[in-house]
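Written out below as structure tokens is the structure these notes cover.
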Amino acid sequence: MQIFLDTAKIEEIREAVELGVISGVTTNPSLMMRAGRGDYKAVAQEICYLVQGPVSAEVTSTEAEEMVEQAKAIAQWSPHVVVKIPVTAEGLRAIHALSKLTPDPDNICQGCPWRGKCQTDPDVAHDLALTWGIRTNATLVFSANQALLAALAGASYVSPFVGRLDDAGNDGMQVVADIVDIFAAYGFETQVIAASIRHPMHIVQAALLGADIATVPYAVLMKAIKHPLTDVGIERFLADWAKVSK
Ligand code: E4P
């Protein structure tokens, strides 16, 4: 299972990249607000430069035609960008339309300030745009039916919101389990992102269930690194070594 970081904060992403444990990033308008940033394109392009993996950026329209127009613009930011679309009837219509579209490869990474320094050079970006097309992440998924419908419509990823389901008295991980089973039974290529992760055991549970990805807030990732016995063990080794190493 891969881990994505669920944040729009550049410092958190830089640190997690240095740890070598994240393969992508998910953002949404609330995470942009928490990062204090309204310049979505600049933030997404910097994240793509840092992560060199899938970076989800969300549309803000609720109407299919407008979602498609926003998604087409977002998809030009970088071949690494994945467009997040909420699962509604309008959202499914947009996902389906976008599954047949490709970004304009000659204008990919337009205005990106990281051009020239980025590992994804312009020729590679051009080819990736053609190969990957416009990828979508069906977001705000709260049932296996919504995930199935998003996959049928052509979504590249589906994001069941585990924590918010748990908050509402449902079993979020059971929804992830059902989606993983359904996609495996019918050979869907759509990847399952366990989202709205609230604590380290959610990561373990998602991995055991066979989710392709868990998207994890920075604070949860830091908690997952730590174990009190590791700290005690280090202290003891250092104390013992100090006794004999003089
Ligand atoms: C997923 O892509 C979402 O950004 C995120 O996981 C939502 O989580 P929350 O319920 O903590 O807002």
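Counting begins at 1 with the first residue of the sequence. As the structure lists them, so they are numbered: ligands from 1, and atoms in each ligand from 1.
Salt bridge status for Arg164 with Asp167: absent, with no side-chain N to carboxylate O gap under 4.0 Å. Salt-bridge annotation for Arg14 and Glu46: present, with a side-chain N of the basic residue lying under 4.0 Å from a carboxylate O of the acidic one. Ion pair Asp231/Lys226 flagged as a salt bridge, since at least one NZ, NE, NH1 or NH2 atom sits closer than 4.0 Å to an Asp/Glu carboxylate oxygen.
For ligand 1, the atoms sitting less than 4.0 Å from at least one non-hydrogen atom of Thr26 are 2 (O), numbered in the order shown with element in parentheses. Residue contact check: Asp6 has heavy atoms under 4.0 Å from atoms 1 (C), 2 (O), 3 (C), 4 (O), 5 (C), 6 (O), 7 (C), 8 (O) of ligand 1. Remark: ligand 1 atoms within the under-4.0 Å shell around heavy atoms of Arg198 are 9 (P), 10 (O), 11 (O). If you number the atoms of ligand 1 from 1 as listed, the ones under 4.0 Å from a heavy atom of Arg164 come out as 7 (C), 9 (P), 10 (O), 12 (O). Which parts of ligand 1 touch Ala195 is read off a 4.0 Å heavy-atom cut-off, strictly below it: atoms 1 (C), 6 (O). Atoms of ligand 1 lying under 4.0 Å from at least one heavy atom of Asn28, given by number and element, are 3 (C), 4 (O).
Taking any N or O of Arg34, backbone or side chain, none lies under 3.5 Å from an N or O belonging to ligand 1. Considering backbone and side-chain atoms alike, Lys84 places an N or O below 3.5 Å from some N or O of ligand 1. Where the criterion is an N or O separation shorter than 3.5 Å, residue side chain and backbone included, Asn137 fails it with respect to ligand 1. An N or O contact shorter than 3.5 Å is missing between Thr27 and ligand 1 by distance.
Shown here are the ring pair (Phe, Tyr, Trp, His ring centres under 6.0 Å) partners of His227, two or more places apart in sequence or in another chain: there are none.
The single protein non-hydrogen atom nearest to atom 8 (O) of ligand 1 is Ser196 CA, 3.4 Å, given as residue, atom name and distance. The protein atom (non-hydrogen) at minimum distance from atom 7 (C) of ligand 1 is Phe161 CE2, 3.5 Å.
Taking a 4.0 Å cut-off on heavy atoms, Thr139 fails to register as neighbouring ligand 1.
Ile85 has its side chain within reach of Leu98: a pair of non-hydrogen atoms, C-beta onward, lies under 4.5 Å apart. At a threshold of 4.5 Å between non-hydrogen side-chain atoms, the residues Trp114 and Leu50 do not count as touching.
Connection of Ile234 to Trp241 is not established within any shared hydrophobic cluster, with ILVMFWY side chains joined at heavy-atom distances below 4.5 Å, either directly or through further cluster members.
Within the 3.5 Å criterion, the main-chain N or O of Ile213 finds no donor-acceptor partner in the side chain of Gln191.
Crowding of His96 atom NE2: a count of heavy atoms from other residues, nucleotides or ligands under 6.0 Å not exceeding 12.
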